[in-house]
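Step one of this worksheet: look at the structure below.
In this text the structure is predicted, and so the values were computed from the model without any measurement. For the numbers below, each heavy atom of this structure counts, side chains included, while hydrogens, waters and symmetry mates do not. Chain letters run A, B, ... following the sequence lines, proteins first and then strands; every chain starts at 1.
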Number of protein chains: 2
Amino acid sequence: MNEAFKALADPTRREILQLLRDKSRNAGEIAEHFNISKPSISHHLNLLKQAGLVLDERQGQHIVYSLHTTVVEDVIGWMFKMMKKNDTEEEQP
Amino acid sequence: MNEAFKALADPTRREILQLLRDKSRNAGEIAEHFNISKPSISHHLNLLKQAGLVLDERQGQHIVYSLHTTVVEDVIGWMFKMMKKNDTEEEQP
DNA sequence: TTAATATTTAGATAATTATCTAATAATTAA
DNA sequence: TTAATTATTAGATAATTATCTAAATATTAA
């Protein structure tokens with residue numbers, strides 16, 4: 001999960017994830033949304049992939065990226081634990 | 001919220017947050033849990049504070065750090081949006 | 001097979017960050 | 001006020017990361 005947290009630390013990568021929330025897109029379409037070179041976007045996509053936050057699939061000439069939410073659930077789980085008081089006993093209703 | 005994501009990217013800082021989940025602790029107590037110099041821990045605590053993830057309060061010679069969960073809620077909100085399909089219409093029951 | 005298109009990989013560089021030691025500041029007790 | 005304790009700030013350095021251009025790879029079309 002460390003890789004996921006690291007991946008989420010970059011604003012460009014978070015924006016990529018938001019783009020993919022609408023629909024899956026190929027690398028070129030993603031790159032178009034940024035004033036950053038294609039190799040740099042490719043690098044970000046690779047980090048997101050390593051972190052398990054996106055999936056990639058070749059479709060002919062294109063490589064289509066899509067959101068993969070399993071790890072996001074793990075991160076949310078970590079966050080929720082952070083919010084809850086660490087009570088050993090259950091609270092009385 | 002960018003600062004919060006950046007703060008959460010470091011494993012030492014996440015461990016500090018987990019320590020504070022049990023109870024508030026002063027800087028020295030926090031530093032004891034790590035094989036890292038006190039100034040470095042102080043630096044991490046400062047980043048967590050800047051990110052709004054912890055609060056600090058002087059109590060005599062000590063400075064006591066505690067968890068501040070408001071920003072954690074924001075991050076969780078962002079994550080949840082990431083998980084939900086971006087439907088314009090509500091789903092039919 | 002050659003050319004065109006889409007994407008990644010390689011290698012370099014600049015910016016950021018984590019860490020250290022030494023010095024400073026704030027509080028308390030003698 | 002001086003000494004002891006706690007914690008931070010300053011300044012330096014090493015490691016990591018984001019970015020770029022140029023080159024390589026993979027696919028499709030001519």
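- Summarising the geometry of Leu48(B) relative to Ala7(B), their closest heavy-atom pair is CD2-CB, 4.1 Å, with the distance given to 0.1 Å.
- Smallest separation of non-hydrogen atoms from Leu67(A) and Arg21(A): CD2-CA, 4.0 Å.
- Projected onto DNA chain D by closest heavy-atom contact, Leu45(B) and Asn35(A) fall at different nucleotides, the more 5' of which corresponds to Leu45(B).
- Rounded to an integer number of Å, the gap from His62(B) NE2 to dT6(D) P is 5 Å.
- With contacts defined as side-chain heavy-atom distances shorter than 4.5 Å, the pair Val72(B)/Leu8(B) does not qualify.
- Reading DNA chain C from its 5' end, the first and the last nucleotide to sit under 4.0 Å from a heavy atom of chain B are dT17(C) to dT28(C).
- In this model, the phosphate group of dT6(D) is not approached by any side-chain N or O of Tyr65(B) to a distance below 4.0 Å at OP1 or OP2.
- Asn46(B) comes within contact range of no nucleotide atom at all, as no heavy-atom separation falls under 4.0 Å.
- Within the nucleic acid shown, Leu47(B) comes within 4.0 Å of sugar-phosphate atoms alone, with no base atom in reach, counting heavy atoms only.
- Closest approach of Glu3(A) to Gln50(A), counting heavy atoms only: OE1-O, 3.5 Å.
- Between Met79(A) and Val75(B), some side-chain heavy-atom pair lies under the 4.5 Å cut-off.
- Of all non-hydrogen atoms in Ala9(A) and Asn2(B), the two that sit nearest each other are O-OD1, 3.7 Å.
- Heavy atoms only, all atoms of each residue included: Arg25(A) and His33(A) are closest at NH1-CE1, 3.9 Å.
- Taking the side chain as every heavy atom from C-beta outward, Met83(A) and Ile76(B) approach each other to under 4.5 Å.
- Distance CG (Asp56(B)) to P (dT6(D)): 18 Å, rounded to an integer number of Å.
- Counting any heavy atom pair closer than 4.0 Å across all strands shown, His43(A) reaches a base atom.
- Residues Lys38(A) and Ala31(A) come closest through the heavy atom pair CG-CB, 3.9 Å.
- In the set dA26(D), dT21(D), dA10(D), dA26(D) carries the atom at the smallest distance from any side-chain atom of Arg58(A).
- Within residues 6-14 of chain B, no residue has a heavy atom under 4.0 Å from DNA chain D.
- Distance, Lys38(B) NZ to dT6(D) P: 6 Å, rounded to whole Å.
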